[in-house]
Enquirer: 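My questions all concern the structure below.
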Amino acid sequence: MTSSFGESSPSGFSGFSDFSDPAGAAHPEHASAGPPPGCPAHQGRRPAPLYGPDLDGDGLPALYERLRAEHGPVAPVALAPGVHAWLVLGYRELLRLAREEQDFSHDPRRWNLLREGRVPADSPIMAFVGWRPALMFADGRQHRRMRAAVADALAQVNGHELRRMVRTTAEHLIESFASRREADLVPHYAHKLPIRVIAQMLGVDDRTGLQLAEAIAGTAAASADSANASRRMGQILMALIQEKRRQPGDDVTSRLLAHPAGLGDEEVLHNIVVMIVAGNQTTKNWIATTLRVLLTDPALRSSLTGGHLTVDDALDLVLWRFPPTQNFPARYATRDLRFGGQDIRAGDMLVLGLAAANTDPEVLPEDGRPVTGNRAHVAFSAGPHTCPAQDPARLIARTAVDTIRHHLPDMELAVPEEQLAWASSPWTKGLAALPVRFTTPRPSDASPTGAPTSATAHTPAHADTSGSGDPR
């Protein structure tokens, strides 16, 4: 699962601790300056910094290959000054990390640096790894309990209705900039569309949805107002939960509240935040990057127009080569063990290097290019914590790409390709901007995908309607 991770912090949780304090955070005055015995820095290895403005989508692939050449499938990194961890670069090692909960826990309360008081409470990493009562911070029975509620609530989303919702939202956004015959598709389209759709899935009305979108954007901005924005987000969501307790509807929030797992209000709130965070930024990046690939790769665009490839093929290509989430913290070793050629201490943090694992030469074909239709990538992680929202996310991304291609068929880049820049973040891979120009758009007179304009039957959001099934 990935997140509405702000571009200057690992996640959109910045400031979220204002209404739910992470457990065990150390105060800055108690943080030790030196690395603890047994950490990567004391093993004669200089951890590579996985932070700073120079780490962007252009520079990260070269860093992964350098780390792989120097250290093998598991490499020492620093997430912040003095905050060391292991980055898992190998595909097979990442699968083991994600699948074997007996050796690698998702509970940050096991983190040795945190227990030893070596992580300042205001460290940017705490915004994401501080424990909360949500599925991504739990193991075993507790994780299965919360995941069942989230997965079941998402599985009941009507696929036809969700597609209609995305298409209508996309058309409204296109209409807002169509008369200018130019747009930046990152802020004007890809950034706005997912959160508006997610708000509707949660059962939020239009007015409150705009307030929620503003609060989420403010939280992710990591600015002076992020704490206030985070509080507003919490207030909006708690009011939504209380409203749905009184008057349930046909929405994800109501289904979470009614699920036999018996989630409390705080658990529902934090799991909703995880869904928002997971669905917003990553889907934004997925949409924008897919559009960028289609605009800059004439052969791929021609194959798509000629019917030799589908939009799903293009989406999968992006998940292999440019996964929206680059690196995802974290797992914590439950015991001392040898892993990926490294001596791992109990309580060490291990970061899932999703992008690096996708380019592991041990598993790619000889030419280094993923095979069309192959969905064995780890862009959605793996194991018990595989993202439960990947099917609705794919439907949202596919419909968003289809809709804008239908209405703006002659869309082209407004700047040379080499001038496109990625946002600076070691955690997510997203374009900073995608300026395009076009002529008069086509009218909104038909569905670009041939789907009905209203739901005539219940189709789960996870149903594959593209004709490209998962080959695994």
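None of these values were measured; they are calculated from a predicted model.
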Enquirer: Applying the side-chain contact (heavy atoms from CB on, under 4.5 Å) criterion to Met275, which one of Ile198, Asn280, Leu256 satisfies it?
Expert: Leu256
Enquirer: Do Asn358 side-chain atoms and Val378 backbone N/O form a donor-acceptor pair below 3.5 Å?
Expert: yes
Enquirer: Does a side-chain N-to-carboxylate-O contact under 4.0 Å join Arg394 and Asp312?
Expert: yes
Enquirer: Any salt bridge between Glu93 and Arg96, counting N to O under 4.0 Å?
Expert: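 A salt bridge is absent here (no side-chain N lies under 4.0 Å from a carboxylate O).
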Enquirer: Between Arg164 and Glu161, is there a salt bridge with N-O shorter than 4.0 Å?
Expert: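 A salt bridge links Glu161 with Arg164.
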Enquirer: Where does the angle between the aromatic ring planes of Phe104 and Phe339 fall among parallel (under 30°), tilted (30 to 60°) and perpendicular (over 60°)?
Expert: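 The rings of Phe104 and Phe339 sit tilted, inter-plane angle from 30° to 60°.
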Enquirer: Is the shortest side-chain N to carboxylate O distance from Arg109 to Asp107 below 4.0 Å?
Expert: yes
Enquirer: Between Asn228 and Arg231, is there a side-chain donor-acceptor contact under 3.5 Å, judged purely by atom types and distance?
Expert: yes
Enquirer: Under 4.0 Å between a side-chain nitrogen and a carboxylate oxygen: does that hold for Asp348 and Arg345?
Expert: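 The answer is yes: the pair qualifies as a salt bridge.
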Enquirer: If you measure only the distance, is there a donor-acceptor pair under 3.5 Å linking the side chains of Thr169 and Arg196?
Expert: no
Enquirer: Without hydrogens or angle criteria, can the side chains of Asn327 and Tyr64 be said to hold a donor-acceptor pair below 3.5 Å?
Expert: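 Asn327 vs Tyr64: donor-acceptor pair found between side chains.
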Enquirer: Please report the interatomic distance CZ(Arg375) to CG(Asp313), rounded to the nearest 0.5 Å.
Expert: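 Interatomic distance, Arg375 CZ to Asp313 CG, rounded to 0.5 Å: 8.0 Å.
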